[in-house]
Amino acid sequence: MLIASPVAAQPRLTFTKDIAPIIWSRCASCHRPGEIGPFSLLTFDDVRRHATQIAAVTARRLMPPWKPESGKGEFQNARRLSDRELDAIQQWIANGAPAGDAADLPSAPNWSDGWQIGTPDLIVRMPAPYSVPADGADVFRTFVIPIPLSAARFVRALEFHPGNTRVVHHANLGVDRTRSSRQLDARDPEPGYTGSMERDARYPEGQLLGWTPGQAAHPVPDGTQWRLEPNSDLVVQLHLQPTGKPEAVQVTVGLFFTDTPPARTPIGLRLGSETIEIAPGAREYIVSDQYQLPVDVQVLAVQPHAHNLARRMEAKATLPDGSTRWLIAIDDWDFRWQDVYRYTAPFVLPTGTTIAMRYTYDNSDANPRNPHHPPARVVWGQNTSDEMGDLWVQVIPQTRGDETVLSEDFRRKANAEDLAAYSKLLRSDPANPLRHDAVAALYLDVGRLDDAINELGQSLRLNSESAPTHYNLGFALAGRGRRDAAIAEFQEALRIDPDYAQAHNNLGALLQVAGQLPQALDHYQRAIALRPDNIETRNNLGQLLLNTGRVTEAADQFREALALRADSPPALAGLAWIRATASDPALRNIEEAIRLAERAAATTRNHDLMALDALAAAYASSGRYEDAVRVARSGLELSLAAGQTAVAAQFRQRLELYQKGQPFRLPRS
C-alpha cells in the first residue's frame with residue numbers, strides 16, 4: 001500500500017519579511033507624506049488599515065497605476081506588480097495581514113525631500129503661486145517660467161518638483177524662445193493661462209520632458225544633452241485636481257548643466273492625427289498612422305498621448321524582413337495617468353522599418369471617462385474637452401548625415417497634417433495673431449512664401465510688437481528677393497528684441513550682399529557674441545573676412561565652426577580654400593586642404609559649388625591638374641544649370657589656370 005507524501009506547508013507571509021519591500025518599491029513613491037497618494041503606506045499600521053482596499057485595487061490592476069501591457073515593451077521604472085508580488089499581497093491579506101517579526105523588517109528607503117540627482121546648477125520657480133479652486137472640474141493650466149540665462153547652456157538633466165503633490169496630477173514641459181507663451185500669460189489676469197502649450201513651446205531637440213507621480217528624475221542618455229537658449233521660457237502645462245479646499249501650487253524646476261555639447265541629437269517622431277472629428281455615440285472611432293524609416297535609428301523612449309475618449313492604443317514596428325516588434329500597448333487608457341516610457345534597453349530599427357500606431361476612441365455613454373453627457377461632437381484640439389491622438393517615438397539616427405535625412409523626410413510628412421490642423425484652428429480664431437504665426441511657419445517649411453507673407457502681415461496687423469513675426473516676415477521676403485523690405489523687417493525685429501541673434505545673422509547676410517560690409521560685420525559679431533556656437537554665423541563671418549582679405553581671421557572662424565560641427569560643409573570648404581590658395585605660405589597646407597575639401601564634397605554629394613571650388617583648388621595646389629580640371633568643369637556645369645552666371649564665370653577663370661598647369665592664389669592683403 002502506497003502512502004502519499006504530506007503536502008509541504010506554504011510559508012506564512014508577513015509584512016516585515018515579504019510585503020514591506022513590495023509596498024515600498026511599488027506604492028510608497030506616491031503613498032507617503034507630501035506626495036500625491038491620498039494616504040501613506042510606509043508602516044505596517046498604514047497598510048493594515050487599508051488592506052481591504054489594497055486587495056481590491058491591486059486585484060483589478062488599478063494600482064499601482066502602470067498602463068503598458070506586460071510583454072509589449074519593457075520599460076524603466078515600471079510600477080507594475082509582478083504576478084508573484086500580486087499573489088503575495090493577496091495571500092497575505094487573505095491570511096489576516098500578519099505583522100511578522102520586527103527583526104525581519106529591512107531598512108526603509110531613504111526618501112529625500114530635496115533634489116534626487118544632486119544640487120542643480122540653476123533653480124527656477126513659477127513667479128507667483130496659483131490657487132486651485134476647492135471644488136469643480138479638474139483644471140488644465142499652463143504656466144510660463146522665465147529662465148535667467150545670459151548665455152546658452154547645455155542641459156544634462158532636469159528635475160521637476162510640483163510643489164503641491166495633493167493637486168498636481170501630471171505635467172508636460174516645453175521651452176519657448178519666441179515669447180509667444182509669455183503673451184498668452186500676460187492676457188490672463190491670473191498666473192498662467194487656461195489650456196495647453198502653444199506650438200512655439202516645444203520639446204527641446206527631440207527630448208520628451210514631463211512629470212507624473214512616482215516618476216524618478218534622471219539624466220538624458222549619454223551624449224544627448226540639449227541646448228537651452230538665453231532668455232528662454234520654461235512652459236509647464238499642469239493637470240490640477242481640486243481637493244475640497246483651496247490649494248496653492250508653485251512649481252520648482254532644477255536644471256543641471258554641462259559644458260560638453262551633444263554628440264548625438266535625438267529626434268522625436270510624432271505619429272497620429274490632427275483632424276480628429278468624433279460623432280456623438282461613436283463607439284469605435286479609429287486613429288491610425290504609420291511611417292517608414294529612411295535610415296537606421298536607435299529607439300530610446302515612447303510617449304502616447306490622447307484625452308478622455310481614448311480607450312485602447314497600440315504601436316508596433318514591422319521590420320523589413322516582415323517580423324514585428326511591439327513598441328507599446330495600453331488596453332485601458334486613462335488621461336489621468338500618462339508617462340514617458342523609456343526602454344530598459346534601447347534597440348535599433350533598421351532602414352525600411354514601418355512604425356505604426358492605432359488608437360480606438362469611445363464617444364458613447366458606455367465610456368465612463370466621457371466628459372460629455374449626453375455625448376457631444378468632439379474634434380481635435382489642445383483643450384481637455386477636445387481630443388488628440390499622438391504617439392511620440394524618441395530615436396537617434398546612427399550618423400549626422402542620417403539625422404539630416406530623417407529630419408527632412410519626417411518634416412514633409414508632419415507638415416501636411418500640421419497645416420490642415422492649424423488652418424482649421426485659425427478659421428475658428430482669426431483674431432489671434434499666434435494662429436497666423438503658426439500657419440505662416442508651416443507655409444515657410446514647405447516654401448509657400450507668398451502664403452507665409454500674407455499670414456505674417458495679418459499677424460502684425462493684430463500685434464505689431466512681435467520680434468519673431470517680423471523676423472519670419474523678413475526671412476520670407478528675402479526668399480522672394482525683396483531685399484530692402486527684408487532688411488527693414490529684420491531691423492524691426494531687432495528694435496523690439498536687440499538680442500535676437502538670428503536676426504543679426506540674417507540682417508548681416510543681406511547687408512553683405514548689398515555691399516554694406518562694415519555694417520554686416522557688426523551684425524555678425526553681435527550674433528556671435530550672443531550665440532558663440534552659431535555655426536551659420538561663424539561661416540558667414542568667415543566668408544566675409546575671407547572676401548575682405550582678412551584670411552587668418554577667416555580661418556579662425558571656420559575652425560571654430562568645425563569645432564562645433566565637424567562635418568559643416570561651408571566650414572570645411574572655407575578652410576580648405578584658405579589652406580589651398582593662401583598667398584602666405586604659412587597658411588597653406590595642401591594635404592589638409594585636400595582632406596577638408598574631399599570631406600566637404602562627399603558630405604554634399606558633389607553638389608555644393610563652394611566645396612567643388614575648394615577641391616579643384618586643392619588638387620591644383622598639389623599638382624593634380626587633371627583632377628582639378630575635372631572638378632572645376634563639374635562646378636561650371638552645375639553653376640550654369642543653376643543659373644548662377646557670376647559663379648560660372650569664376651569657374652571658367654580658374655579652369656583656364658588649371659588647364660595651363662597653374663594653381664590659384666589669393667591676392668596678398
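Throughout, residue positions are numbered sequentially from 1 according to the sequence presented.
- In this model, no donor atom of one side chain and acceptor atom of the other lie less than 3.5 Å apart for Tyr524 and Asn505.
- If you check the side chains of Asp176 and Ser232, you find no donor sitting under 3.5 Å from an acceptor.
- Taking the six-membered ring wherever Trp is involved, the centroid distance between the rings of Phe154 and Phe257 does not fall below 6.0 Å.
- Asn308 and Glu387 make their closest contact through N-OE1, 3.4 Å (heavy atoms, listed as atom of the first residue, atom of the second, distance).
- Of the residues listed (Gln394, His218, Gln76), the one engaging Arg342 in a side-chain hydrogen bond (donor to acceptor under 3.5 Å, both in side chains) is His218, and it is the only one.
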Legend entry - side chain to side chain contact (heavy atoms under 4.5 Å, CB included) between Leu327 and Lys316, worked out: CA-CA 5 Å; Leu327 299 180; Lys316 296 179 182 178; 5.7 Å; no
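- Counting only heavy atoms from C-beta outward, the side chains of Val439 and Ser423 approach each other to under 4.5 Å.
- Looking only at side-chain heavy atoms (C-beta outward), Leu494 and Leu507 come within less than 4.5 Å of each other.
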Inset, instruction - Go through Tyr359 and Trp333 one step at a time and tell me if the side chain to side chain contact (heavy atoms under 4.5 Å, CB included) criterion holds. - result: CA-CA 10 Å; Tyr359 292 2; Trp333 170 259; over 6 Å; no
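- Scanning both residues, Ala306 and Tyr361, for their nearest heavy atoms gives CB-OH, 4.1 Å.
- Checking Gln398 against Glu403 by side-chain atom types alone, no donor-acceptor pair falls below 3.5 Å.
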Inset, instruction - Report the C-alpha separation of Gln250 and Arg125 in whole Å, then their side-chain angles, then the decisive distance to 0.1 Å, and conclude whether the side chain to side chain contact (heavy atoms under 4.5 Å, CB included) test is met. - result: CA-CA 7 Å; Gln250 193 167 17; Arg125 179 175 298 173; 3.6 Å; yes
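- No side-chain N or O of Ser288 forms a donor-acceptor pair with one of Arg358 less than 3.5 Å apart.
- For the residue pair Arg538/Gln557, the side-chain donor-acceptor check at 3.5 Å is satisfied.
- Aromatic pair Tyr203/Trp392: ring centres closer than 6.0 Å.
- A side-chain donor-acceptor contact under 3.5 Å links Gln298 and Arg264.
- Atom CD in Gln290 sits 8.5 Å away from atom CG in Leu271 (nearest 0.5 Å).
- Distance CG/Asp121 to CZ/Arg153: 6.5 Å, rounded to 0.5 Å.
- Using a 4.5 Å heavy-atom threshold, the side chains of Thr399 and Asp402 count as touching.
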Inset, instruction - Could you walk me through whether Val236 and Ile145 pass the side chain to side chain contact (heavy atoms under 4.5 Å, CB included) test, one step at a time? - result: CA-CA 8 Å; Val236 181; Ile145 305 176; 4.1 Å; yes
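- Between Leu208 atom CG and Tyr341 atom OH the span is 12.5 Å, to the nearest 0.5 Å.
- The cationic atom of Arg435 (NZ for Lys, CZ for Arg) does not lie both less than 6.0 Å from the six-membered ring centre of Tyr422 and within 45° of the ring axis.
- Residues Leu238 and Val249 are in side-chain contact: their nearest non-hydrogen atoms beyond the backbone lie under 4.5 Å apart.
- Environment of CZ in Phe256: crowded, with over 12 heavy atoms of neighbouring residues, nucleotides or ligands closer than 6.0 Å.
- Here Ile147 contributes atom CD1 and Leu228 contributes atom CG; the two are 4.5 Å apart, rounded to the nearest 0.5 Å.
- Asp497 and Tyr471 form no side-chain donor-acceptor contact under 3.5 Å, judged by distance and modelled atom types alone.
- Interatomic distance, CE of Met313 versus CD of Glu69, reported as 11.5 Å (0.5 Å rounding).
- Counted by atom type alone, Arg312 and Thr360 present zero donor-acceptor pairs between their side chains at under 3.5 Å.
- Donor-acceptor pairing under 3.5 Å is lacking for the side chains of Ser181 and Asp233.
- Side chains of Thr351 and Asp296: a donor on one and an acceptor on the other come within 3.5 Å.
- For His161 and Trp115, the gap between ring centers is short of 6.0 Å.
- Ala501 and Ala527 make their closest contact through O-CB, 3.5 Å (heavy atoms, listed as atom of the first residue, atom of the second, distance).
- A pairwise comparison of heavy atoms in Glu455 and Ala440 identifies CB-CB, 3.8 Å as the closest pair.
- Closest of all the heavy-atom pairs between Ile535 and Ser568 is CG2-OG, 3.8 Å.
- Side chains of Gln502 and Asn534: a donor on one and an acceptor on the other come within 3.5 Å.
- Here the OG1 atom belonging to Thr537 is positioned 9.5 Å from the CG atom belonging to Leu530, to the nearest 0.5 angstrom.
- When the shell of 6.0 Å around CG of Asp321 is examined, it contains more than 12 heavy atoms from other residues, nucleotides or ligands.
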